[in-house]
Amino acid sequence: MVIKIFKNYFKRIFSNLFKNKRDIRLGFYGPPNAGKTSLANRICKDFTGEEIGIVSKIPHETRSIQFKEKVEISHKGKTMIFKMIDTPGIATKIDYEDFLKYKVKRKEAKTRAKEATQGVIESIKWLDDMDIVVIVLDSTKNPYNQVNITIIGNLVARKIPVLIVANKIDLKKSDIKKIQAAFPEYETLGISAKYGDNLEEFYESIFKLSKKI
Ligand SMILES: Nc1nc2c(ncn2[C@@H]2O[C@H](COP(=O)(O)OP(=O)(O)O)[C@@H](O)[C@H]2O)c(=O)[nH]1
Ligand SMILES: [Mg+2]
């Protein structure tokens with residue numbers, strides 16, 4: 001018993017000592033098709049030359065968590081090392097029939113729906129392990145929905161630093177103000193993951209949030 005207490009005590013001191021040396025776990029969360037993988041890919045490509053995963057117009061393309069370790073992001077002469085974590089989109093309803101309109105065969109659609117459901121569970125499970133979370137939202141869509149509110153509520157409860165990204169500002173329908181109005185207590189940054197608009201501001205915000213962890 002005493003040994004165990006001592007062991008835990010040293011373990012804690014040890015891990016605190018190296019806390020700042022550990023890679024910062026940066027998670028990309030949000031509803032399906034918002035552009036999480038596109039954004040994670042762009043960052044990974046810029047700093048490592050490699051991508052993290054596949055981007056698709058079909059929702060739930062990412063159905064399991066994918067990582068890229070040791071991503072050294074440099075911004076204004078400073079460098080920080082991140083572990084990038086791209087997650088499956090969180091949805092309240094996954095219907096296999098929704099995949100059929102993308103010319104996915106019925107059997108494959110059923111498999112996809114099952115995997116996507118599992119992916120949602122996996123995403124939520126991983127929330128606890130994040131140091132910083134980037135919530136990627138499609139700024140052409142209405143931000144007031146159950147999924148966004150649930151994700152943000154979860155993060156607040158866990159006291160994890162959050163950046164809300166309003167993606168797809170290159171599109172005409174994009175409305176950053178609507179997202180800002182929906183979540184006024186958070187910093188919202190408009191970007192285009194597809195064209196790389198506002199990426200410098202994105203890095204600035206991430207570096208700022210890193211100080212809070
Ligand atoms: N116009 C536009 N399309 C985007 C942008 N980012 C992602 N997309 C598109 O949105 C779809 C979903 O992207 P993806 O990265 O797979 O989203 P995820 O499901 O959140 O990982 C794809 O067709 C992307 O090409 C953007 O900034 N602008
Ligand atoms: Mg994805």
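Bear in mind that the values here come from a model prediction, so they are computed numbers and not experimental data. Order of listing sets the numbers, starting from 1, for every ligand and every atom in it.
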For [atom], find the nearest protein heavy atom and state the residue, atom name and distance (0.1 Å precision).
{"atom": "atom 6 (N) of ligand 1", "value": "N167 ND2, 3.1 Å"}
{"atom": "atom 1 (N) of ligand 1", "value": "D170 OD2, 2.8 Å"}
{"atom": "atom 25 (O) of ligand 1", "value": "V55 CG1, 3.8 Å"}
{"atom": "atom 20 (O) of ligand 1", "value": "K36 NZ, 2.7 Å"}

Heteroatom proximity flag, [X] to ligand 1, N/O under 3.5 Å:
{"X": "G35", "value": "yes"}
{"X": "A193", "value": "yes"}
{"X": "A34", "value": "yes"}
{"X": "S56", "value": "yes"}

**Prompt:** Counting only heavy atoms, which portion of T37 has something under 4.0 Å from ligand 1: side chain, backbone, both, or neither?
**Reply:** both

**Prompt:** Applying a 4.0 Å heavy-atom criterion (strictly less than), which segment of N33 is in contact with ligand 1: side chain, backbone, both, or neither?
**Reply:** both

**Message:** Within the 4.0 Å heavy-atom shell around L171, which atoms of ligand 1 are there?
**Reply:** 1 (N)

**Request:** List every atom of ligand 1 that sits less than 4.0 Å from any heavy atom of S38, numbering the atoms from 1 in the order shown and giving each element.
**Result:** 6 (N), 7 (C), 13 (O), 14 (P), 15 (O)

**Item:** Heavy-atom nearest neighbour of atom 9 (C) of ligand 1 within options K57, K168, K172, K194
**Value:** K168

**Message:** Tell me whether the NZ or CZ atom of K83 lies within the 45° cone about the ring axis of F67 and under 6.0 Å from its centre.
**Reply:** yes

**K110 to Y96 six-membered ring, cation-pi geometry met (6.0 Å, 45°)** = yes

**Message:** So, taking the atom named NZ in K68 and the one named CE in M84, what distance separates them when rounded to the nearest 0.5 Å?
**Reply:** 9.5 Å

**Item:** Backbone N/O of A193 and side chain of N167: donor-acceptor pair under 3.5 Å
**Value:** yes

Is a side-chain donor-acceptor pair under 3.5 Å present for [Y] with [X]?
{"X": "E115", "Y": "S64", "answer": "no"}
{"X": "S174", "Y": "T140", "answer": "no"}
{"X": "D175", "Y": "S139", "answer": "no"}

**Message:** Over 60° means perpendicular and under 30° means parallel, so tell me whether Y203 and H75 are parallel, tilted or perpendicular.
**Reply:** tilted

**Request:** Examine S38 and say whether one of its N/O/S atoms is closer to the Mg ion (ligand 2) than 2.8 Å.
**Result:** no

**Asked** Closer than 4.0 angstrom: is that true for some heavy atom of V136 and an atom of ligand 1?
**Response** no

**Verdict with reasoning, L127 to V133, per side-chain contact (heavy atoms from CB on, under 4.5 Å)** = CA-CA 8 Å; L127 259 181; V133 167; 4.3 Å; yes

